[in-house]
Student: 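The structure is given below, and queries will be raised subsequently.
Please read all numbers here as calculations on a predicted model, not as lab measurements. Heavy-atom basis, side chains included; hydrogens, waters and symmetry copies ignored.
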Amino acid sequence: MLLLALSGFGVQAAQGGTVTAEAKTEARRMERFDLRADRTGLDYRVFLVRPAEPPPPGGYPVIYLLDGNATVPMMESVIGTEPPDSYGSAVIVGIGYPTDGPFDIPRRYRDLTPPTPPELIPPSRDGASVIETGGRDDFLAFVETQVIPSVEARLPIDRHRRTLFGHSLGGLFSLYVLYTRGDLFQTYVAADPAIWWSGQAILKEQAAFLDRTARTGVAPGTALLIETSGRLVERPLPAADAERLKRLRSGQTGREVAATLATVPGLRLAFRDFAEESHGSMLPLAVADALRFAFGRNPD
């Protein structure tokens, strides 16, 4: 159900190299609207950036960004007011939350994860909050049946040029969509995906994906970019919680997943490691790479 539609406004680089949703430009225009998920009754905020130029013959390419409150301003700072090459034709869709902050941590835990046994859930940031998990299929249904149709009702979109970007748990979700609904998007970007979550449960979906694609390959044009960070920044936690978190986060990373997926017939695969960046500091760099990758360019 559509709750709210706000008048269009633009985004541009503000002073100091930052971007705000309220900054204005005559080139690209952003509107935001709230949607209530049919299956859960939860409210989401969608940020839609409209190109200034007319659509290509097949429609605009579109990039869907998870954590849209944070990632849409990052993407628009990359595109800028005078976009290079064909980047200006990209429609940017941020799927976020009705909050003024960049992230809604409790909501993203729910939306981006499988049902997770309590013993495999990491300690919360405040040490007291209960982390709710298991909403990824509800969230995927919301994206497929409500967000995408809402965008395509507003703009002519090339349905063969959809990109999905996610970071951390969002990267995990991007891989899950590729493994289970690979026809929904053509290009996937998983930035520092949380492969470790729930005892590396994603590797079960990966095994099924590998078995299936060994026989059939992937849909023509399917592409995946995986990126990882190399600098660990420890959260301030009690010693017991820190040790438990370390154990939970052990196992494969995006690097090993990328090496395994290199065998998938027909998959355009790229990998990049930001050795000097942390899990958090890599995010704007990964967003920039997602734009280039969506237009057929591998990261530098």
Side-chain angles (χ1 to χ4, degrees), residues 64-67 95 108-117 119-122 133-144 162-230 245-274 279 282-283 286 289-290 293-294 298-299:
Y64 289 85
L65 304 172
L66 304 180
D67 295 313
I95 306 172
R108 71 191 304 273
Y109 272 126
R110 183 196 186 281
D111 287 341
L112 303 175
T113 60
T116 306
E119 65 272 17
L120 296 179
I121 296 176
T133 68
R136 68 180 180 185
D137 288 324
D138 289 335
F139 183 62
L140 177 55
F142 168 69
V143 172
E144 180 179 9
R162 292 178 185 155
T163 296
L164 177 64
F165 170 89
H167 169 256
S168 190
L169 289 176
L172 181 71
F173 181 80
S174 292
L175 290 174
Y176 176 68
V177 179
L178 170 63
Y179 294 161
T180 62
R181 288 298 315 281
D183 59 340
L184 192 55
F185 299 88
Q186 288 69 50
T187 302
Y188 296 82
V189 182
D192 233 6
I195 306 301
W196 58 271
W197 185 269
S198 193
Q200 304 185 90
I202 190 64
L203 298 183
K204 296 179 182 177
E205 284 95 8
Q206 179 175 293
F209 173 76
L210 290 169
D211 181 66
R212 184 173 65 256
T213 56
R215 301 188 306 271
T216 65
V218 294
T222 302
L224 170 64
L225 169 62
I226 297 178
E227 298 192 325
T228 56
S229 63
L245 183 61
K246 182 178 179 180
R247 290 197 305 271
L248 290 176
R249 287 181 169 176
S250 62
Q252 292 193 27
T253 69
R255 179 185 295 275
E256 288 78 25
V257 168
T260 300
L261 295 178
T263 63
V264 175
L267 178 66
R268 175 186 159 226
L269 177 68
F271 173 77
R272 183 180 190 182
D273 178 48
F274 291 102
H279 185 67
M282 73 170 289
L283 178 54
D289 281 349
F293 194 68
N298 283 348

Student: Using a 3.5 Å distance criterion without hydrogens, assess whether the side chain of Gln200 forms a donor-acceptor pair with backbone atoms of Ile195.
Tutor: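 Checked: no pair found.
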Student: Provide the closest heavy-atom pair for Ala290 versus Val189 in the form atom of the first, atom of the second, distance.
Tutor: CB-CG2, 4.0 Å
Student: Between Leu140 and Leu184, is a side chain to side chain contact (heavy atoms under 4.5 Å, CB included) present by the stated rule, with each step listed?
Tutor: CA-CA 10 Å; Leu140 177 55; Leu184 192 55; 3.8 Å; yes
Student: Could you list the residues that satisfy side-chain hydrogen bond (donor to acceptor under 3.5 Å, both in side chains) with Gln252, not counting sequence neighbours?
Tutor: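 Gln252 satisfies side-chain hydrogen bond (donor to acceptor under 3.5 Å, both in side chains) with no residue once adjacent residues are dropped.
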Student: Side chain to side chain contact (heavy atoms under 4.5 Å, CB included) between Asp192 and Phe274: does it pass, once the steps are laid out?
Tutor: CA-CA 10 Å; Asp192 233 6; Phe274 291 102; over 6 Å; no
Student: Between Glu227 and His167, does the side chain to side chain contact (heavy atoms under 4.5 Å, CB included) criterion hold? Intermediate values first, please.
Tutor: CA-CA 9 Å; Glu227 298 192 325; His167 169 256; over 6 Å; no
Student: Do Asn298 and Arg268 have side-chain N/O donor and acceptor atoms under 3.5 Å apart?
Tutor: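 Short answer, yes.
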Student: Are any non-hydrogen side-chain atoms of Phe209 and Val264 less than 4.5 angstrom apart?
Tutor: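 Yes; the side chains approach each other to less than 4.5 Å.
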Student: Which one of Tyr64, Tyr179, Phe139, Tyr188 satisfies the ring-ring contact (aromatic ring centres under 6.0 Å, His included) criterion with Phe173?
Tutor: Phe139
Student: Verify side chain to side chain contact (heavy atoms under 4.5 Å, CB included) between Tyr109 and Ile121, making sure each step is shown before the conclusion.
Tutor: CA-CA 10 Å; Tyr109 272 126; Ile121 296 176; over 6 Å; no
Student: Please report the closest heavy-atom contact between Leu169 and Ala194, naming both atoms and the distance.
Tutor: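 Closest pair (atom of Leu169, atom of Ala194, distance): CD2-CB, 3.9 Å.
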Student: Sort and list the pairs that fulfil salt bridge (Lys or Arg N to Asp or Glu O under 4.0 Å) and have at least one residue in residues 203-218, not counting sequence neighbours.
Tutor: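 Every salt bridge (Lys or Arg N to Asp or Glu O under 4.0 Å) pair that includes a residue of residues 203-218, provided the two are not neighbours, is Arg136-Glu205, Asp211-Arg215.
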Student: For the residue pair Thr228 and Asp273, confirm or rule out a side-chain donor-acceptor distance under 3.5 Å.
Tutor: yes
Student: Of all heavy-atom pairs between Gly170 and Arg108, which one has the smallest distance, and what is that distance?
Tutor: N-NH2, 3.9 Å
Student: For the atom pair CG (Asp111) and CG (Leu66), what is the distance rounded to the nearest 0.5 Å?
Tutor: 9.5 Å
Student: Working to the nearest 0.5 angstrom, can you tell me the gap between Tyr176 OH and Thr113 OG1?
Tutor: 11.0 Å
Student: Indicate the atoms forming the closest heavy-atom contact of Val177 with Phe185, along with that distance.
Tutor: CG1-CD1, 4.1 Å
Student: Measure the CZ-OG1 distance between Arg110 and Thr116 for me, rounded to the nearest 0.5 Å.
Tutor: 12.0 Å
Student: Out of curiosity, Leu120 CG to Arg247 CZ, how far, rounded to the nearest 0.5 Å?
Tutor: 11.0 Å
Student: Please name the pair of heavy atoms, one in Leu175 and one in Pro193, separated by the smallest distance, quoted to 0.1 Å.
Tutor: CD1-CB, 4.0 Å
Student: With sequence neighbours excluded, tell me which residues meet side-chain hydrogen bond (donor to acceptor under 3.5 Å, both in side chains) with Ser174.
Tutor: none
Student: Any idea which heavy atoms bring Leu203 and Val257 closest together, and the distance?
Tutor: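 Scanning both residues completely, I find the closest heavy atoms to be CD2-CG2, 4.4 Å.
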Student: Working to the nearest 0.5 Å, report the span between OG1 of Thr222 and CG of Leu269.
Tutor: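 Rounded to the nearest 0.5 Å, the OG1-CG separation comes out at 12.0 Å.
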Student: Supply the atom-to-atom distance Gln206 CD to Thr213 OG1, rounded to the nearest 0.5 angstrom.
Tutor: 9.5 Å
